[in-house]
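First up is the structure itself, then whatever we jot down about it.
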Amino acid sequence: MTTSNELPKAYEPTDVEPRWYPMWLEKGYFTADPASTKPAFCIVLPPPNVTGSLHLGHALTATIQDILSRWKRMSGFNVLWLPGTDHAGIATQMVVERELKKTEGKSRHELGREEFLKRVWAWKEKYGARIGEQHKFLGASLDWSRERFTMDPGLSEAVKEVFIRLYEQGLLYRSEKLINWCPSCLTALSDLEVEHEEKKGSLWELSYPVKDSDRKLVVATTRPETMLGDTAVAIHPDDKRYEGLAGKTVVLPLLGREIPIIADAKLVSMEFGTGVVKVTPAHDPNDYETGLRHGLKQITIFDERARVNLNGGPYAGLDRFAARKKVLEDLAAQGLLVAEKPHALAVGTCQRCSTVVEPRLSPQWFVKAKPLADKAVEAVQAGRTKFVPETWTNTFYAWMKNIHDWCVSRQLWWGHQIPAWYPVDTSPKLDDGSIDFSKATPVVAREKPGVTAENPSGQWVQDPDVLDTWFSSGLWPFSTLGWPNQTPELKAFYPNSVMETGHDIIFFWVSRMMMMGLHFMGDVPFRTVYLHAMVRDEKGEKMSKTKGNVIDPLDIIRGAPKEALPPAIKNKFPQGMPPMGADALRFTLASLTQQGRDIKLSVDRIGGYRAFCNKIWNATRFAQMNMGDFEDDGSLFVKERALSLADRWILSRLNRAVQGTQASLAQYQFAEAASTLYQFLWGEFCDWYIELAKGALQGTDEGAKASTRATLAFCLDRVMRLLHPFMPFITEEIWQRLPIKRPTESICIAPYPEEDRRLDDPSAEAEMKPIIEAIEGIRTIRGESNLPPALKVEAQIQTASPQTRRDLERWRTYLMPLAGLQVLTVTDLGPKPPQAAADFRSNMEIYVPLAGIVDLAEERERLKKEIGRAEQEMAQIEKKFENPNFLERAPAEVVEKDKSRLRELEARKSKLGDNLRRIADGEVRIAPPADGNVNLENELKDELKGVKVPNPDSQVQEALAKLREGTKEGLSPRDHYDLGVAYMNMGLVDDAVREFNRAKDDGGTTPEAAAEAVAKASAPEARPAKLVLPKKAPAPKPAPKPAAKKAAKKPAPKAKKVAAKKAAPKKAAKKVAARKPAKKAAPKKAAKKPAAKKAAKGKKR
RNA sequence: GGGCGGAUAGCUCAGCGGUAGAGCGUCGCCCUUACAAGGCGAGGGUCACAGGUUCGAAACCUGUUCCGCCCACCA
């Protein structure tokens, strides 16, 4: 597994990712052991439709569940993540039917049930494997040895058992009721399978003559054609307009039937329409109920395809919409169409085929949902199952508390056929001699019954209907574990630990699992339901085939040519989709999973995390290139290894990252965990630690080298493990290559990092702070002045804090390379360098002399801007202080915090102002000695106590090195002077100046002599010539096209550039730049005065 | 009709009582031997609107406007 050869420079997911899954499988890491003594953790994969293909929503499901599974597995759990597929009754049947029509031009009826089912099975065999493949590409750590399919023999057994037990318990029954019927799919649908679409329609007013009277009742209806099935008209009992009409009859137009006028307060609202409602019990749910209340006849006027039947008299044979047109025409001709008003209404459509659903009276099987739902609600209320995010709890309650009986029979062929049998001998027959299922009485049984008294021939016909596909899905948490058999798996893994799925199927699936699980297992099916958001495209639109924005996860993982991409995103990728890798896709999905918010997936974002992979890869490359003969002896803690500050710091930060990741995962905060890891790896490990480590790795101190190598290896080991659940492939690849002692042969089963107190190091973090701040301060100055990175400059840091001075001195080896310094001077507060750019952070004053390097005008502008900012913030705080209530009522620490912040700002502002003046005037000001302030003397004496005197010249470097490492070797005051001279001779100006100052402070020389020496050392002539570089001229402004710009940049040799800088006129540009901030500054100053405050208010920054 | 989310930088989103944040994109300087899929720096915000609570509101409350989703048998 381990390959010692060097890593390629760029990370190629397609080279790395395919290597690992087969190995993981072969080793059986994902195979759960029901006999294990470890604590169990179980998730069952929401089974995708067997003939489907995974989309990004599935990828999100797989990612989250894999993160949980891998995390738990590494944390010592016996993990079962169980894969499977759903037969998806109606969806699959339709797919195969469509295919059959296309390829053979046949309908399923022409083929016959048996032959058709063979085709579906063949289809399933052919395409079912694709889902497995996609999951493997995603890295999903599923236990394939336990893969299930809802129509496996075992699961079918469970379905049958459940059906029969429910029937026996009176919780399942057969009845003729008004159900949702799809006239195109020719099957019943449950309420949930009907989608409501707001459509523009009309409200027609039809006139019905009252029998034996001149009066006419005007009814309002959105479906005039159903008048053919009217069996009453209804008015409100309190409606004065129609007083006395109840009990009379009207003559139904067109058909001439006489129907009663009834009074019904429930059906009729006086305010709506005309206050008169036509009642069609066989074709409208409200009318159906009304009909039951009043004992009305139910006249069915449509056949199964929603064509008018013989009850429709002259309209028989017409489609429902044609019938509507004709009915309206005929009514209009008779003057009975009173009005047509526009009216918006919600039309129920078939979830599968979008055909308008027709309410239809038909015998179906129903599950009595209420008793089951009540138990489920109780369980959630008792906290036995928790919803995450919590907000879904109420959604769940709302639906469960108002649940209707569940129509579970479907007039389909693909699915679990209902275990009910009709006696051939005694069942009523249709004209063609077949059994009339609508009138016959079935026997529910596990197997076909034999000869009975009622059916002496022993011939039985099974109910041709199949069960709703969600019926079997509802059993998934236990049917997959072997129920009704009492298997070890069932014992070990029920209840499941977590159910993780999209919130769109909370009713379809989650609630059914809750009901079935509680009823048949006596316990909730899972302890936690984590409901993730929906994945949408970049515009926030639902992914759908018709919109052409469905992306195959494999196309992102492996890349895809332009032609293969969906139309909606094709044009974004003229070169096709580059391979992003599963790790990048997974990390993106995890990063965007914010609880309760839909995910708008942008491909750019994936690219960003692909870059992150590359970053990790190259950090590893760096480590590998610098490991030398490092061998992990596990001594990071065992021996007293002398860790450097950077080592201690990064280990402390690592521990924070471990804590953060663990905490976030425990709360299902995947985005937060991902962000913690990203920030640590890139923002701390790569940006700071690796940079800081370079010194030690390239130096000659073998001890420092060893500790740095050990720290590098340690961090990479831990952070790869930490990251593994999110990015399984790259972490395995890197982990295998690290020169560490691996506790396991794969990272999949390596222990997940846990908080380690020994790594916490607050003092290291505190010590690093000024170093980082100083580097950032100098970088800011450099950036603002556009100094090229290669140009080394000098910097002076002044601080009143002896501690900070010590730290900065001690770690100047960190500071100098990272800040691009040639010279660094650290002193107490004192004379400020003239003509220097400045930055003030915490307790530090950072100066970078820029005279002769750049034009200082820009620096002046920057200072003004900074002053403006400080003033603005000060104004805000001052305003608070003007409010007496604030001082009285706000907590003391808040007030104190603001006060100290204000002091800070004031100091900052005055320092900025001072420096601005120095630059503006070219004035060299010697700051007066800080009265009674700390001086270096005792500090130095302390530090240099008993120091042995080295002689200048050759020994200076060595002595210096020791000094910097804090070695307690002494120098006498006079030696400092000598050292200073030596430094000067060597051209180390800052060191010379410092030594002269120390000599003076310690009485090693007279102040006059020291001052002279300092002046000499600081003189421009003493500076190394290469420091002096003319400021680069601003680039010619009419910007060329980016490509041209870049090309033009490259060949320009340095000398030429410099010459150009000199020649270019820059004054004009500068002036323009100078004006802008000046304008800004003016109102800010005014803002300090109370009167002007209001005007300035509102704008915060 | 009922319910649930959302509205914060150009984009995607964190923050959920005490100095407005990140990533991407933009701009500037750089191919500095881990990484140009990169480094360093900068700019960018009446936190949808209006009230209220509070010493203090992006955050809490009320209302409004948009956007999204779910549920619903008002003809």
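In what follows, every heavy atom counts, from backbone to side chain, and hydrogens, waters and symmetry copies are set aside. None of the values given here were measured: they were computed from a predicted structure. Every chain is numbered from 1, with letters handed out A, B, ... down the list of sequences.
B:C60 and B:A22 have their C1' atoms separated by 25 Å, given to the nearest Å. Annotation: B:A14 and B:A48 have their P atoms spaced 14 Å apart (nearest Å). Rounded to whole Å, the separation between the C1' atoms of B:A34 and B:G39 comes to 12 Å. Annotation: B:G10 and B:G5 have their C1' atoms spaced 25 Å apart (nearest Å). Taking atom C1' on both nucleotides, B:A9 is separated from B:U46 by 14 Å, rounded to a whole Å. A gap of 28 Å separates the C1' atoms of B:G25 and B:A59, to the nearest Å. Between the C1' atoms of B:G2 and B:U8, the separation comes to 30 Å (whole Å). A gap of 13 Å separates the C1' atoms of B:G18 and B:A58, to the nearest Å.
Of the residues near RNA chain B, A:Pro13 and A:Glu271, the one whose nearest nucleotide (by heavy atom distance) lies more toward the 5' end is A:Pro13. Residues A:Ser269 and A:Gly608 both approach RNA chain B. Their nearest nucleotides, taken by heavy-atom distance, put A:Gly608 toward the 5′ side.
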Could you walk me through whether A:Phe272 and A:His343 pass the ring-ring contact (aromatic ring centres under 6.0 Å, His included) check?
CA-CA 12 Å; A:Phe272 188 89; A:His343 180 69; 5.7 Å; yes
I'd like to know whether A:Val233 forms a side chain to side chain contact (heavy atoms under 4.5 Å, CB included) with A:Val277, so could you lay out the CA-CA distance, the side-chain angles of the two residues, the decisive distance to 0.1 Å, and finally the verdict.
CA-CA 6 Å; A:Val233 293; A:Val277 183; over 6 Å; no
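Scanning residues 888-900 of chain A for heavy-atom distances under 4.0 Å to RNA chain B yields A:Arg889, A:Ala890, A:Pro891, A:Val894.
A:His503 pairs in a ring-ring contact (aromatic ring centres under 6.0 Å, His included) with only one of the listed residues (A:Phe508, A:Trp392, A:Phe396), which is A:Trp392.
Going from atom CG of A:Leu345 over to atom C1' of B:A72 covers 13 Å, rounded to whole Å. Taking atom CZ of residue A:Phe670 and atom P of nucleotide B:A14, one finds them 15 Å apart after rounding to whole Å. Spacing between atom NE2 of A:His532 and atom P of B:C70 amounts to 14 Å, rounded to whole angstrom units. We find that CZ of A:Phe881 is positioned 15 Å from P of B:G56, with the value rounded to whole Å. As rounded to whole Å, 8 Å separates atom P of B:A75 from atom CG of A:Leu203. As a whole-Å value, the separation of A:Lys600 NZ from B:A7 C1' is 10 Å. Rounded to whole angstrom, the span from the NZ atom of A:Lys880 across to the C1' atom of B:U19 amounts to 7 Å.
The number of heavy-atom neighbours closer than 6.0 Å to NZ of A:Lys899, taken from other residues, nucleotides and ligands shown, is 12 or below.
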So what's the dot-bracket for RNA chain B: Watson-Crick or G-U pairs under 3.5 Å, [ ] if a pair crosses, | if it pairs off-strand?
((((((((.[[[[.)..(..]]]].(((((.......))))).....[[[[[..)....]]]]])))))))....
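Judged by the 6.0 Å distance and 45° axis criteria, A:Lys615 is not positioned over the aromatic ring of A:Phe612.
Put simply, the side chain of A:Asp230 reaches to within 4.5 Å of the side chain of A:Tyr208, judged on heavy atoms.
Within 4.0 Å of A:Glu195, counting heavy atoms only, lies no atom of the nucleic acid at all. Contact annotation for A:Tyr678: backbone-only contact, meaning every heavy-atom pair under 4.0 Å involves sugar-phosphate atoms and none involves a base. No contact: A:Gly581 has no heavy atom under 4.0 Å from any strand. Using a 4.0 Å heavy-atom cutoff across all strands shown, A:Arg901 reaches at least one base atom of the nucleic acid. Base engagement by A:Leu267 is indicated by at least one non-hydrogen atom pair under 4.0 Å involving a base atom. A:Ala220 comes within 4.0 angstrom of a base, heavy atoms only. Within 4.0 Å (heavy atoms only), A:Phe612 reaches no atom of the nucleic acid at all. As judged by a 4.0 angstrom heavy-atom cut-off over every strand, A:Val279 is placed among residues making no nucleic acid contact.
The structure places CD1 of A:Ile556 at 4.0 Å from CD1 of A:Ile606, a figure rounded to the nearest 0.5 Å. Note that OG of A:Ser202 is 8.5 Å distant from CZ of A:Arg324, once rounded to the nearest 0.5 Å.
Distance from the side chain of A:Asn786 is smallest for B:C29 among the nucleotides B:A75, B:C29, B:A42.
Contact annotation: A:Arg869 reaches the phosphate of B:G43 (side-chain N/O to OP1 or OP2, under 4.0 Å). A sub-4.0 Å separation between OP1 or OP2 of B:C70 and a side-chain N or O of A:His503 is absent. In this structure, A:Lys792 does not reach the B:U32 phosphate: none of its side-chain N or O atoms is under 4.0 Å from OP1 or OP2.
At distances below 3.5 Å, at least one donor-acceptor pair connects side-chain atoms of A:Asn618 with backbone N or O atoms of A:Asn614. Looking at A:Trp617, its side chain does come within 3.5 Å of a backbone N or O of A:Pro8 through a donor-acceptor pair. At distances below 3.5 Å, not a single donor-acceptor pair connects side-chain atoms of A:Arg841 with backbone N or O atoms of A:Ile846. Remark: the backbone N or O of A:Phe622 is paired with a side-chain donor or acceptor of A:Asn626 at under 3.5 angstrom. Side-chain N or O atoms of A:Arg610 include none that pairs as donor or acceptor with a backbone N or O of A:Gly581 at under 3.5 Å.
Ion pairing between A:Glu776 and A:Arg779 fails under the 4.0 Å rule for side-chain N and carboxylate O.
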I'd like a table of atom pairs between the protein and nucleotides 33-35 of chain B - only N or O on both sides, under 3.5 Å - with the distance next to each one.
| residue | atom | partner | partner atom | Å |
| --- | --- | --- | --- | --- |
| B:A34 | OP1 | A:Lys694 | NZ | 3.2 |
| B:A34 | O2' | A:Asn618 | OD1 | 2.7 |
| B:A34 | O2' | A:Arg621 | NH1 | 2.7 |
| B:A34 | N6 | A:Cys686 | O | 3.2 |
| B:A34 | N6 | A:Glu691 | OE2 | 3.2 |
| B:A34 | N3 | A:Asn618 | O | 3.1 |
| B:A34 | N3 | A:Ala619 | N | 3.3 |
| B:C35 | O4' | A:Asn618 | OD1 | 2.9 |
| B:C35 | O4' | A:Asn618 | ND2 | 3.4 |
| B:C35 | O2' | A:Asn614 | ND2 | 3.0 |
| B:C35 | O2' | A:Asn618 | ND2 | 3.4 |
| B:C35 | O2 | A:Lys615 | NZ | 2.9 |
| B:C35 | N3 | A:Lys615 | NZ | 2.8 |

